[in-house]
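This one's a predicted model, so the numbers in the text were calculated from it and none came from an experiment.
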Amino acid sequence: MLKTLASQIKEFKRDSLLTPIFMVLEVLFETIIPLLMASIIDKGVEAGDMHHIYVIGGWMIAAAAAGLFSGIMGGRLAARASAGFARNLRQTMFENIQQFSFSNIDKFSTAGLVTRMTTDVTNIQNAYQMLLRMCFRAPCSLLCAMGMAFFINARIASIYLMAVILLGIFLFFILRRATKYFQAAFPKYDELNASVQENVSAIRVVKAYVREDEEIIKFKKASQNIYNIFLKAEKNIVYNAPVMMFTVYSCILLISWVGAKMIVNSALTTGELMSLLTYCMNILMNLMMLSMVFVMMSMSVASARRISEVLNEKSDLENPENPIHEVPDGSIEFQHVNFSYQKDSQEPVLHDINLKIHSGETIGILGGTGSAKTSLVNLISRLYDVTSGAVIVGGHDVREYDMEALRNQVSVVLQKNVLFSGSILENLRWGDENATKEECIHACKLSCADEFIDKMPDGYETHIEQGGSNVSGGQKQRLCIARALLKKPKVLILDDSTSAVDTATDSKIRKAFAEEIPNTTKLIIAQRISSVQNADRIIVMDDGKINGFGTHEELLASNEIYREVYESQTGGGGDFDEKAGEE
């Protein structure tokens with residue numbers, strides 16, 4: 001874990017090394033000042049020697065200025081190193097997440113990844129800054145002050161030593177109890193973020209079902225869980241300050257009492273007593289700093305572990321050593337393919353799939369919910385790898401291709417269509433960042449998206465809200481189809497991506513596909529018979545197996561599942577706008 005995190009310091013190693021040096025220099029200059037002060041009192045004030053006061057006073061000013069400069073430089077470098085460290089962590093985590101396969105993504109919740117990149121990284125940033133500054137400054141200052149105190153008077157310094165030992169033992173037990181609560185707190189942030197994310201993204205559903213009160217209660221519960229854990233931790237930590245102050249004032253009283261007696265007996269000077277009192281405060285304050293460092297470190301351990309999980313997660317999918325960068329054509333073949341989402345699963349999702357699809361064919365895929373239609377097409381663009389068997393695209397196993405090249409040639413319009421904040425043109429150019437406006441317009445005509453875009457006041461410059469919340473489901477689907485067409489793929493997969501489109505528009509889209517992209521292999525997953533009955537061939541899926549494969553007429557004659565679906569959808573006269581589609 002430490003090695004993983006340390007590798008992200010990168011270009012901030014110099015700042016990370018210089019910060020402790022400046023912190024140590026600051027401590028050394030601060031340690032000298034009480035000695036100089038004692039000299040002024042004993043040899044200047046009491047002896048009436050103004051020259052000595054001016055000389056030593058000048059050295060005190062110089063030491064203070066040097067200490068101030070060291071402190072400023074240490075703080076500046078620590079801030080830059082910790083902020084840069086946090087930036088590198090977030091950047092590397094994000095880049096690694098982009099490389100995840102779908103199976104990797106399934107291991108982490110969206111809310112959990114957001115928490116790791118925000119709250120957890122902030123905890124690490126604060127802990128790292130405190131580590132660079134306080135973890136070097138406090139122990140060094142404590143040891144120097146303790147050494148100087150023993151140098152001045154070992155008898156009085158023994159009071160410090162006893163106080164430090166007793167205080168250290170007490171703080172150890174306080175922090176030990178608090179640490180377990182801090183470690184349990186941060187996973188609770190995932191639940192809180194999940195509640196917020198779910199509520200905001202589904203706000204229309206929440207309002208439609210008048211579930212605001214229930215959502216508020218759910219959020220309060222998640223928030224209360226975090227409150228309760230931190231409250232338990234703080235109840236332990238709260239004893240830190242009063243115990244520290246009791247120890248400080250007790251030491252001051254004991255030192256003053258013992259020191260006064262020693263001054264009367266001429267065993268100690270007034271200046272030395274002032275120095276000892278200064279060192280007393282220095283020692284105890286640094287011990288308090290150390291206690292805060294330990295609290296922060298205990299809080300950050302859980303965050304460090306969660307961040308390391310993401311950084312160390314390796315994609316299940318990797319490019320071969322010498323990948324193929326060009327997909328020759330859109331032919332597809334499944335050879336005895338078995339597939340499971342979990343490697344140790346006893347029951348595969350796909351069972352012994354054997355298929356052969358010619359380049360340029362239009363293939364319909366039909367089946368009930370859970371029949372593994374989406375799982376089948378996900379293997380073509382290598383969003384998952386087969387458990388056994390092989391998927392051949394363009395005459396080569398998909399595992400032989402460069403993944404980026406393969407996915408650029410196998411374009412997928414997924415079930416859950418996603419648009420991003422920005423103009424319509426910006427969203428379309430996800431398919432081809434160099435596409436001209438004319439090419440975008442042509443793609444929209446093929447997907448029938450031009451019908452509603454032309455009616456918008458700003459046309460193709462119309463702003464799309466996050467997630468496409470300001471367009472309808474059917475409009476969103478048509479924009480996503482246009483985006484996929486701009487890639488000019490060898491294989492186009494429509495995963496139930498016309499479900500929100502009326503039958504007339506669906507018919508226009510299919511007609512445009514047949515006329516404009518005849519050489520592109522088209523796989524159309526649908527629930528409506530009308531969407532696939534004119535396909536060259538139709539696959540009927542059932543429980544992860546191919547139940548039938550043939551033309552509409554062949555399946556009507558030979559496949560019971562297909563015939564039942566057809567009769568159930570056409571028995572009542574078909575879709576209400578079917579005639580419009582034919583016209």
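You'll find the side chain of Phe334 stays beyond 4.5 Å of the side chain of Ile357, heavy atoms only. Contact annotation: the side chain of Glu451 approaches that of Lys508 to within less than 4.5 Å [non-hydrogen atoms, C-beta and beyond]. Two residues are said to be in side-chain contact when any heavy atoms from C-beta on lie closer than 4.5 Å; Val386 and Asn338 fail this criterion. For the pair Val349 and Tyr384, the minimum side-chain heavy-atom distance is 4.5 Å or more. Using a 4.5 Å cut-off on side-chain heavy atoms (C-beta onward), Val391 and Arg399 make no contact. At least one side-chain heavy atom of Thr362 sits less than 4.5 Å from a side-chain heavy atom of Ile524. When side chains are defined from C-beta on, Ile529 counts as touching Leu366, because their heavy atoms get closer than 4.5 Å. Within the 4.5 Å cutoff, no side-chain heavy atoms of Leu494 are placed close to those of Ile525.
When each of Gln8, Met93, Met117 is paired with Ile307, the side chain to side chain contact (heavy atoms under 4.5 Å, CB included) condition holds for Met93 and for no other. None of Thr115, Thr119, Asp120 except one satisfies the side-chain hydrogen bond (donor to acceptor under 3.5 Å, both in side chains) rule with Arg306; the exception is Asp120. Remark: of the listed residues Gln98, Gln99, Gln91, Gln91 is the sole one forming a side chain to side chain contact (heavy atoms under 4.5 Å, CB included) with Glu95. Checked options Val410, Leu523, Leu355, Ile392; the residue passing with Ile332 is Leu523 (criterion: side chain to side chain contact (heavy atoms under 4.5 Å, CB included)).
Annotation: Phe420, atom CZ; neighbour count of heavy atoms from other residues, nucleotides and ligands within 6.0 Å is above 12. No more than 12 heavy atoms of other residues, nucleotides or ligands sit less than 6.0 Å from atom NZ of Lys221. By the 6.0 Å contact criterion, NZ on Lys445 is open, its count of non-hydrogen atoms from other residues, nucleotides or ligands being 12 or less. Atom CZ of Arg211 has 12 or fewer neighbouring heavy atoms from other residues, nucleotides or ligands inside a 6.0 Å radius. Heavy atoms from other residues, nucleotides or ligands lying under 6.0 Å from CD of Glu465 number more than 12.
The backbone N or O of Asp450 lies less than 3.5 Å from no partner atom in the side chain of Lys455, so there is not a single donor-acceptor pair. Checked by atom type and distance alone, the side chain of Gln475 pairs as donor or acceptor with a backbone atom of Ser472 at under 3.5 Å. For the pair Lys487 (side chain) and Arg407 (backbone), a donor-acceptor distance under 3.5 Å is present. Not a single donor-acceptor pair under 3.5 Å links the side chain of Ser300 to the backbone N or O of Asn123. The closest donor-acceptor contact from the side chain of Asn547 to the backbone of Ile561 lies at 3.5 Å or more, if one exists at all. Judged purely by atom type and a 3.5 angstrom limit, Thr92 has no side-chain atom pairing as donor or acceptor with the backbone of Leu89. Remark: side-chain polar atoms of Asn470 are paired, donor with acceptor, to backbone N or O of His463 under 3.5 angstrom. At least one donor-acceptor pair closer than 3.5 Å links the side chain of Ser447 to the backbone N or O of Arg478. With hydrogens and angles ignored, the 3.5 Å screen pairs a side-chain donor or acceptor of Lys373 with a backbone N or O of Gly367.
Pairs passing the salt bridge (charged side-chain N to carboxylate O under 4.0 Å, His left out) check and including a residue from residues 352-366, sequence neighbours excluded, read Glu361-Arg537.
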task = Under the side-chain contact (heavy atoms from CB on, under 4.5 Å) rule, what do Leu5 and Tyr128 come out as? Steps first, then yes or no, please.
result = CA-CA 11 Å; Leu5 296 179; Tyr128 188 60; over 6 Å; no
ask   = Given the rule in the side chain to side chain donor-acceptor pair (under 3.5 Å) test, do Ser371 and Asp542 qualify, once you have shown the distances and angles that lead to the verdict?
value = CA-CA 5 Å; Ser371 59; Asp542 181 39; over 6 Å; no
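Using modelled atom types and a 3.5 Å distance limit, the side chains of Glu333 and Gln335 yield a donor-acceptor pair.
Between Tyr341 and Phe339, the ring planes lie perpendicular to each other; the angle is over 60°, past the 30° to 60° tilted range.
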Donor-acceptor pairs under 3.5 angstrom involving side-chain atoms of residues 430-438: please list them, not counting sequence neighbours.
residue, atom, partner, partner atom, Å
Asp432, OD1, Asn434, N, 3.1
Thr436, OG1, Glu439, N, 3.2

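Aromatic ring centres of Tyr562 and His552: separated by under 6.0 Å. Phe12 has its ring centre no less than 6.0 Å from the ring centre of Phe85.
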